[in-house]
Structures are given as structure tokens and as C-alpha cells.
Amino acid sequence: MTIRIGNAPCSWGVEFADDARNPTWQTVLKECAEAGYKGIELGPVGFMPEDPAILGDALAENDLQLIGGVVFRSYHDPDAWDDVLDATHRTAKALKAHGAEHLVLIDSISPRRAPTAGRASEAEQMDKAEWTAYRNRIAESARIGAEEYGLTVGIHAHAAGFMDFEPELERLLDEVDEKILKICFDTGHHSYAGFDPAAFMKRHMDRISYMHFKDINPKVKANVIANRTGFYDACGQGIFCKLGQGDVDFPAVRQLLIDAGFEGWCTVEQDIDPTLDNTPMEDNRDNREYLESIGFK
């Protein structure tokens, strides 16, 4: 069994391709390599060069493999469908060009859901018709990635969107063919939502194709849920802490992966607020060293 540990541009504060606060893509690649990683995600499409020759040379120069990429778009908004399709195709093309495997689908933050992040019992629910259309948009994006580009597509639950809590995720898994849609399981977002990551993994390990390793500071989580703090403000307060310093049981996560014979990439993500005085390279070196200390190599 081989589990490899990678990282992602969001660990450098990159959430949107056109954010003026972003570090350069060259800096992200260089610091990811210097922190000891051999793989990296694409980040939001458009952040890294879409010319395969330019990005390919840069990946090789830093001895990095492209792992996958994320479509972080408003699947909940029918008026955003053209944008979702554009991001799906552009991301998939970039991944295919560099031999990456994992296309990750995330419903982005909705103003209707942001106030109840972490509060499953209070969160607004879609009616039947809205849910059906929402599900079908996710399924079509998954079909494109799987059938047109040959990628492994995973749904990723995310705080403050409409694919956030366990019941929603499990409903989607029941309604969309697993041939086109697997799970990219994020340990931190599952904890943020108020559920046990290890317990979910035990039930759904056979459908998990890819992992995002993220940890949650339980004190910050309690405060932001109580105060109905927005997702990005919660990032600024440090809800996503360094691995091993929060409430996710990573030794248990590792054991579940080993017991299941999981092979492939697990990607570290420590979302940060780019306006703060961050030390992403040092933090992600610490994250890698923590994972190595509990048996990941």
C-alpha cells in the first residue's frame, strides 16, 4: 500500500484565481517543494498557467506532480450553470494535460447557508424541485469529468454551502451513480459540520477515492458557530489549525485508510486568510512532519 502526501494552493491562501492578495503561482510551487511535498493541486482554475508547456516545465523544475483540481462553484445557483460548466471543462483539461487524476466538486458558499455553518438542525433546506435540479447539475459535472476526460470525480462537502452536512452528502451519494461520482473526503469540513470524520469513513470507505487532510481548532469552532461567523472570517480566526493540534483523530484516519488498502494521494489543506501575517511554508512543513510522525511517509 502506498499513500502519498500532497498539498494545495489554499494552504497559501489561494481561494480565487483573480484575488490580488494571492502569492504568485511560482511562489506556491517553490514553497510547496521546499516544505517537502512531491505533489500539489491545481488550485482555482486560472491561478496557475493553463498553457501545459509553462506549467509542465514549472512542475518539473520543482519536482512536483499535479494531483488534482477543484471546481469550487455555485452549484446551488441555476443562473451560475454556465460558469460551473466553464470551470468543469477548463479544470478537467488542465488535469488531463498533466496526468492528474482527481477532479473535486464543491458547492461554493451560499448566503442562505453561511449563517448556519456548523448548525445542521437550523440550516435551510432545498425543496424537492430545487434539490433535484441541484443534484442533476452536480451529476452532469461529474459525468463530464468521468466520461469525457477519464478523471476520478469526488464530491467534497464544504461549510456554508448546500453540500455541507452528512445527511445531504449521503443523500447525494444515494442518488448519483458511483461510477461517475466518488467522495473526496475532507476531515476538517466534516468536523466543522458537527460530525465525526472517522465514523463517516467507516461507513463509506469503499467510495472514498481521495482525501483532504484538514484539522479544526475546537475552541474556534465553538465560537464561530455560536456567533454565526462567516466562513472566511472563521478562517481568519484560525479555525483550520495545523494538523495534530485540533479535534480530528488523524491516527484513527490513518488506520482506516490502511485497513481499507487505500492507495494514492492525500492532500493537506490548511485554509488561511491571505490578509494575515501567515507562514504557510513553515506551517506546511510542520503538517508534513506531523503526518510522518504518526506513520505517513
Side-chain angles (χ1 to χ4, degrees), residues 1-12 28-29 31-41 59 62-70 99-102 104 152 154-157 166 169 182-193 195-221 238-272 279-297:
M1 183 196 70
T2 302
I3 296 177
R4 305 185 70 188
I5 304 298
N7 214 304
C10 63
S11 296
W12 277 259
V28 172
L29 292 182
E31 292 192 353
C32 182
E34 290 179 357
Y37 296 89
K38 295 296 184 181
I40 190 165
E41 282 193 358
L59 290 167
N62 289 282
D63 192 23
L64 288 170
Q65 179 178 335
L66 192 67
I67 302 167
V70 172
E101 178 182 357
H102 297 286
V104 179
T152 300
I155 187 67
H156 178 305
E166 255 187 23
L169 180 54
K182 310 296 185 185
I183 304 168
C184 171
F185 187 64
D186 187 298
T187 56
H189 279 284
H190 210 75
S191 170
Y192 194 160
F195 298 90
D196 180 351
F200 181 88
M201 290 178 68
K202 287 177 183 177
R203 295 198 306 276
H204 297 285
M205 196 67 231
D206 61 340
R207 199 158 172 179
I208 294 174
S209 58
Y210 184 37
M211 295 288 299
H212 279 175
F213 284 171
K214 190 183 273 103
D215 211 347
I216 293 285
N217 181 314
K219 291 183 179 179
V220 176
K221 178 172 72 172
I239 191 168
F240 297 119
C241 58
K242 288 195 284 189
L243 303 187
Q245 297 184 3
D247 63 12
V248 175
D249 187 348
F250 281 101
V253 168
R254 175 181 177 273
Q255 193 60 51
L256 286 164
L257 293 171
I258 290 172
D259 292 345
F262 181 91
E263 294 188 350
W265 288 96
C266 298
T267 292
V268 174
E269 290 191 331
Q270 187 183 338
D271 294 6
I272 58 173
T279 54
M281 185 176 72
E282 292 79 3
D283 289 351
N284 285 293
R285 182 183 292 121
D286 291 346
N287 287 329
R288 179 184 56 77
E289 291 175 352
Y290 166 74
L291 291 172
E292 291 178 354
S293 77
I294 63 170
F296 287 104
K297 300 298 181 185

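FYI, the numbering just counts along the sequence from 1.
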| task | Take V253 and D249 through the test side chain to side chain contact (heavy atoms under 4.5 Å, CB included) and record every step on the way to the result. | result | CA-CA 6 Å; V253 168; D249 187 348; 5.7 Å; no
| field | Point-to-point distance, once rounded to the nearest 0.5 Å, from CD1 of I67 to SG of C266 | value | 9.5 Å
| query | Heavy-atom distance under 4.5 Å between the side chains of H204 and L169, does that happen here? | reply | no
| message | Is the shortest side-chain heavy-atom distance between C184 and H102 below 4.5 Å? | response | no
| Counting N and O atoms only, with roles assigned by atom type, does the side chain of D215 sit under 3.5 Å from a partner on the main chain of G246, one being a donor and the other an acceptor? | yes
| field | Distance (rounded to the nearest 0.5 Å) between D271 CG and K214 NZ | value | 4.5 Å
| Nearest heavy atoms of G238 and N217, plus distance in Å | O-CB, 3.8 Å
| Are R285 and E289 ion-paired here, with the side-chain N under 4.0 Å from a carboxylate O? | no
| field | Rounded distance (nearest 0.5 Å) linking atom CE of M281 with atom OH of Y37 | value | 11.5 Å
| message | I'd like to check L256 versus K202 (side-chain heavy atoms, cut-off strictly below 4.5 Å). Are they in contact? | response | yes
| request: Flag the pair I208 / M201 as yes when at least one side-chain heavy-atom distance between them is below 4.5 Å, and no otherwise. | output: yes
| field | Any side-chain heavy-atom pair of Y290 and K242 under 4.5 Å | value | no
| Partners of Y192 by ring pair (Phe, Tyr, Trp, His ring centres under 6.0 Å), sequence neighbours excluded? | none
| Shortest non-hydrogen separation from I5 to K297 and the atoms involved | CG1-O, 4.4 Å
| Spatial distance of atom CG (D283) from atom CD (Q270) [nearest 0.5 Å] | 5.0 Å
| remark: CG of N284 to CD of E34, rounded to nearest 0.5 Å, is 12.5 Å
| task | Please name all residues satisfying ring pair (Phe, Tyr, Trp, His ring centres under 6.0 Å) with H189, sequence neighbours left out, ordered by chain then number. | result | H156, H158, F231, F240
| task | Decide ring-ring contact (aromatic ring centres under 6.0 Å, His included) for F213 and F296; before the verdict, give the C-alpha distance in whole Å, the side-chain angles of both, and the deciding distance to 0.1 Å. | result | CA-CA 12 Å; F213 284 171; F296 287 104; 5.4 Å; yes
| Side-chain touch K38/D63, heavy atoms, less than 4.5 angstrom | yes
| field | Ring geometry between F195 and H190 (parallel below 30°, tilted from 30 to 60°, perpendicular above 60°) | value | tilted
| Least distance between heavy atoms, P9 atom then E41 atom | CD-O, 3.3 Å
| Within-4.5 Å side-chain heavy-atom neighbours: C241 and V220 | no
| Would a 4.5 Å heavy-atom cut-off, applied to side chains only, mark I183 and F200 as touching? | yes
| Atom OG of S11 and atom CD1 of I40: how far apart are they, to the nearest 0.5 Å? | 8.5 Å
| task | Examine distances only and state if a side-chain atom of N287 and a backbone atom of L243 form a donor-acceptor pair shorter than 3.5 Å. | result | yes
| message | I need the minimum non-hydrogen distance between P280 and E31, along with the two atoms involved. | response | CG-OE1, 4.2 Å
| query | Looking at T187 and M211, what are the two nearest heavy atoms and their distance? | reply | CG2-CE, 3.9 Å
| What's the shortest heavy-atom distance between F262 and I3, and which atoms? | O-CG1, 3.6 Å
